[in-house]
Number of protein chains: 4
Amino acid sequence: MAKISVSIAGGSGYTGGELLRLLLFHPQVELKQVTSERLTGKSVYKSHPNLRKVTQLKFSALDDLQECDVLFLCLPHGKSMCGLDSLKLKAKKIIDLSGDFRLKSAAGYEKWYGKPHACPENLMDFVYGIPELHREEMRAASFISSAGCNATATILALYPLYKNRLVELDRTVVEVKGGSSEGGNSVSEASHHPERTDVVRSYKPTQHRHIAEVVQELSFGEPIQMHFSATALGIVRGVLATCHVFLKEDLQEKDIWKVYRQEYGQEPFIRIVKEATGAYRYPEPKVLIGSNYCDVGFKKDEESSRLVAIAAIDNLMKGASGQAVQAFNLMHGFAETTGLEFPGLHPI
Amino acid sequence: MAKISVSIAGGSGYTGGELLRLLLFHPQVELKQVTSERLTGKSVYKSHPNLRKVTQLKFSALDDLQECDVLFLCLPHGKSMCGLDSLKLKAKKIIDLSGDFRLKSAAGYEKWYGKPHACPENLMDFVYGIPELHREEMRAASFISSAGCNATATILALYPLYKNRLVELDRTVVEVKGGSSEGGNSVSEASHHPERTDVVRSYKPTQHRHIAEVVQELSFGEPIQMHFSATALGIVRGVLATCHVFLKEDLQEKDIWKVYRQEYGQEPFIRIVKEATGAYRYPEPKVLIGSNYCDVGFKKDEESSRLVAIAAIDNLMKGASGQAVQAFNLMHGFAETTGLEFPGLHPI
Amino acid sequence: MAKISVSIAGGSGYTGGELLRLLLFHPQVELKQVTSERLTGKSVYKSHPNLRKVTQLKFSALDDLQECDVLFLCLPHGKSMCGLDSLKLKAKKIIDLSGDFRLKSAAGYEKWYGKPHACPENLMDFVYGIPELHREEMRAASFISSAGCNATATILALYPLYKNRLVELDRTVVEVKGGSSEGGNSVSEASHHPERTDVVRSYKPTQHRHIAEVVQELSFGEPIQMHFSATALGIVRGVLATCHVFLKEDLQEKDIWKVYRQEYGQEPFIRIVKEATGAYRYPEPKVLIGSNYCDVGFKKDEESSRLVAIAAIDNLMKGASGQAVQAFNLMHGFAETTGLEFPGLHPI
Amino acid sequence: MAKISVSIAGGSGYTGGELLRLLLFHPQVELKQVTSERLTGKSVYKSHPNLRKVTQLKFSALDDLQECDVLFLCLPHGKSMCGLDSLKLKAKKIIDLSGDFRLKSAAGYEKWYGKPHACPENLMDFVYGIPELHREEMRAASFISSAGCNATATILALYPLYKNRLVELDRTVVEVKGGSSEGGNSVSEASHHPERTDVVRSYKPTQHRHIAEVVQELSFGEPIQMHFSATALGIVRGVLATCHVFLKEDLQEKDIWKVYRQEYGQEPFIRIVKEATGAYRYPEPKVLIGSNYCDVGFKKDEESSRLVAIAAIDNLMKGASGQAVQAFNLMHGFAETTGLEFPGLHPI
């Protein structure tokens, strides 16, 4: 079978590099071009030192992009929507890793991104990029918009509970903790090593953009409130979403187990992690680095109706490039785990 | 004026070492003895390498403890209450850093510590060790029980709101993040460096003991619920408490400012941290290492009645030994900041 | 073609876990058993949390080990040599990851390991486990002894220089820096997270055991001296060997390039890293985590005859389990990179 | 006694901030002004978040600098020498923390800094800023040039050996390892947190500028060679210099002890650290953070004439601002430890 020809627009950043790493080893992919305006003509390993000698690819200019089967967009937020028409001329299928097409509502986009959407008529063309929620649509999709990393962890922690209408809709508090690679490879005073090391930084106590995605995906037709905060940690990769929900009924842990198992029991990339002993009793992002797993766990509070639902991911994998490849596999009928078998390392 | 003679029972651990460091430089203190059964006769720098050449002290056995004016207890949980009677023979004033005398209720102790209290009749003799809440009692106290580190951060974040009855009493969610020194210096598989490094470990999603202290101190005569979780991070020192409360009335940030300023405006160790720009807009434990400050900040959610109240401390200072010295100063009429002037380091 | 049946004796530690991870995804391997006395009957993910759901394997007892084609030994130092005879009954081919069979000299073993060797008659049966030096012997070998991690980095940094007799034999100074996983998964006060974090610990300024391997492999019939020190860092994985050698002749960097390229130009796992600009100008262990690469670089001192030769590896991969699988591939005529394609991550 | 009036020119960086922290608590100092062009009019805590509420000082412009008794210069390299004449009008005594006046030789300056010196006639006016070597000159000095951080650690490790002519002069190899705060607070791709975290980066395998200072201070009239490399680590603060010297005579460790004790036995900021057991057997920068100590230790190689001499410092304290205050104390006849009593923290 002929391989799928694939290019990456905007490949000098962290999600672009991770995508490149995955696609170079994907057995069904022929990687054609990777673009970077800043590094045109330079070897890709200049940005991605782990790929030295792994590939001889050099960065192309976006203007020199040739036609291909699938185009991944790792452009800065706002660039995909502005260039969509011309990008569509290059490839029939597009997977966008930016935030441009995650929201279905143009008004929502304007509210959370602070400017009007450039092509609101295209918003409904994109499938929201979490395969566990939109697998069937993905199989037939031409356009997929990858989900935000914090949104992915939160949604996957909560999806079984919201879908089954088990929780009070206005009380959920979500506390997401994430690493410095979430901010990309642009330098700033806040990302300077002496300043960022060992932080427990309340960088978005309220009003994180990813709230909009979470609400969109978990509403199931009813108004819901997400009381969401994001804290930046001194790790490089990894997201942990700790979600405090309040159960409508008096459910026991075994009931909750059943709900999660029913939704996720067959999922290749979701593991339910809940042990009585040991240092890895709940989902831990540390052991997921490089893997596409989302580990999900929970603990019922014996003193109240609170359930703590927890999810861990690698923000650059299940939170970005890994999930995009998972979607790519679905779009093409490949086994969903193709090219995504790496299980993570221990210790690390 | 004669100096106060002071000894430390159980001085080989982290809180003992930190106390030792503080008391050695305290201008009103004559440090007499430090005990350790395991290290009797050894120089204290064997456990506390930062004190090499700073002091010639050697560890004594507990049985060899002589009379002194003030005895600090840094014994393992459960040891202070069992030995209280004999310890009282050594000193008229006792400051206990364990959990043994934090709770006023013997039933509460049994519930949270899993065994009956050894001397419940003494529970009411101890003043709970947060000076900002119990300053006047401390001035006259003979017995003080230092507060838990996570409890201190949580209580100080929330005290102005609860005291002024501004929040719904059953909805507060507290997410505390802390470092590895919280666990003391006993080794375990969970604290082995390759396992503990870079963790975002949900070690107590529910049922953390410190809940009992928080509820005790913030109830003000009404039943309250604390939905509390604790996550262990890869840092060594530092606690950040992120507290999600729901306001009963529609207050603006300027109103909240006023409340915090009223309660804390004169406090020598509390700073209100809330900036519009920069990497240090909210309380950050990283810059508090070695200092006795508790930095407190907040952010009102524009979408709901949620207020995110945030507090940061160094768990070994304001969360343990520093706060104990602050209490000691109050007990003796010294300036509250004596021996506690170190402001923390930047960068670190 | 039938797969090779493989078992691991002593699989609960870090090298055992890493080997397990590699062999589970090796296309030519059927993994049969993994032993652990402490965890017999438990799932392997109890020790190796990254392998949860990746395998259903449980630990066996060593006594229950069945026959297989190849047996990997990850037993503690001293155990392989004592049990060799009975282990040979289980498999015709053995790859030992301990230090027991690295040295050819029984006297050398006794000197560096502090006790007589249990079966000195077998020392010459084992091929020393660096494929770049012993590839042809490995193709025919039944017994391979994996090299030490610090030794591997040092030898691969220096091999082209010593083989070509370019350096003064008594002046080389080697400074190896390594992470905490080098110490294995046994807890100790020195490995307790608060103590080990951020150390720059001179743990072996002299007399590191790996000196013996380095001298054995780089002597080429002449007496040589290795002035070797090892410093422990706060990272988990990674070794950097910085080797200061003094050139016998006045060679320029382009001459050195030629020497390295000649020796390593065809090597699948060695990359020469030497750039004029950027943050990754020389070998950096950080980007090798999880990969089997050894990156090698050098810099000529313009002020003297000194050449600084540098090598970086992941101590658990090229320094242990990865290199063992590379040897396994050679033993069986598989492509040397089989199962070892993972290129490392960036950022991390 | 009237306090000494002191100002800091260039106080927004890391050495400026650390100096500010020290001088604010120095009992003999009245801090007058701190300059920053970029932050003129802003509170100093904007750059130094640990000083919030500790001082109300705001940054002044350099042009607004008033006369004072002592002026500390924390300007970027090259600025002190260009502005020296006008700065001298502001204060009779100057302590420069840049590299401008460290070298006595104008030719040396040009070689190592890549440009001619702006006022070579002033080079001999400055005392080189290591008190342990130049205490008497400092007591009478008007101008002091603080030593480089890596140079300080190296010189203090080696001084007793070179002064007593115990080592071969052409064989010493020095391997310095340091943290990210050495690079100051200017952001760059190399200092971006995801790139810098956990590095073991060979940033100056040869030709580090500090070699010139080391050679200048350790020559004692004879030509010497320093084979020097610098490796950047993922820590924020701390320097460890591992120095491999070759003894001319067959000295035992007890002889070396004697030499070090003779030179350093009375030094308030040098501790000889050499233990048979424990995790802190040799100098460890981790426990020196915030302190002005230089810990020095050594280990004799039993196999050769090599002695490994080791020194650890906090690069911002004994390697910069702490040492500058130590010099300031000497200049004014204050106890050398005034304002520098902080012993460092453990654990950290």
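Quick note: numbers below take in every heavy atom, side chains included, and nothing from hydrogens, waters or symmetry partners. Labels below follow one simple rule: chain letters A, B, ... track the order of the sequence lines, proteins then strands, and each chain is numbered from 1.
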Max heavy-atom pair count under 4.5 Å with chain D, selected residue of [options]:
options	answer
C:R201, C:E195, C:K299, C:H244	C:E195
C:R196, C:K286, C:H192	C:K286
C:A190, C:A312, C:P194	C:P194

TODO: Mark yes or no: C:K274 above the aromatic ring of C:Y282, with NZ or CZ under 6.0 Å from the six-membered ring centre and no more than 45 degrees from the axis.
DONE: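 Negative - C:K274 is either too far from the ring of C:Y282 or too far off its axis.
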
Open item on the list: side chain to side chain contact (heavy atoms under 4.5 Å, CB included), that's the test. Do D:E213 and D:W112 meet it? Break it down for me.
Closed with: CA-CA 10 Å; D:E213 299 173 44; D:W112 291 98; over 6 Å; no

Answer with side chain, backbone, both or neither: which region of [X] has an atom nearer than 4.5 Å to a non-hydrogen atom of chain C?
X	answer
D:H346	side chain
D:R306	side chain
D:E189	neither

Under 4.5 Å from any heavy atom of chain D - which part of [X]:
X	value
C:R281	side chain
C:H227	both
C:T231	side chain
C:V173	side chain
C:I348	backbone
C:Y203	both

- [ ] Could you have a look at D:S229, D:G297, D:A232, D:P347 and say which one has the most heavy-atom pairs with chain C under 4.5 angstrom?
- [x]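 Among the listed options, the one with the most contacts to chain C is D:S229.
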
Task: D:Y260-D:F298 aromatic ring centre distance below 6.0 Å - done: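 Distance test on ring centres: under 6.0 Å, yes.
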
Task: Contact check, side chains of C:E182 and C:C149, non-hydrogen atoms, under 4.5 Å - done: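 SC-SC contact between C:E182 and C:C149 confirmed.
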
Task: Check: D:E284 and C:V199 side chains under 4.5 Å, non-hydrogen atoms - done: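 Yes; the side chains approach each other to less than 4.5 Å.
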
- [ ] On the 0 to 90° scale, with breaks at 30° and 60°, tag the D:H208-D:F228 ring pair as parallel, tilted or perpendicular.
- [x]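 Tilted, since the angle between the ring planes falls between 30° and 60°.
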
Task: Carboxylate-amine/guanidinium contact C:E253 C:K258, below 4.0 Å - done: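 Here C:E253 does not pair with C:K258 in a salt bridge, since their nearest N and O are not under 4.0 Å apart.
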
Open item on the list: D:K248 vs D:L166, test: side chain to side chain contact (heavy atoms under 4.5 Å, CB included). Steps then yes/no.
Closed with: CA-CA 6 Å; D:K248 291 197 294 193; D:L166 300 177; 5.9 Å; no

- [ ] Take atom CD of C:E222 as the centre, draw a 6.0 Å sphere, and report whether it contains more than 12 heavy atoms from other residues, nucleotides or ligands.
- [x]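 Yes, because the 6.0 Å sphere around CD of C:E222 holds more than 12 heavy atoms from other groups.
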
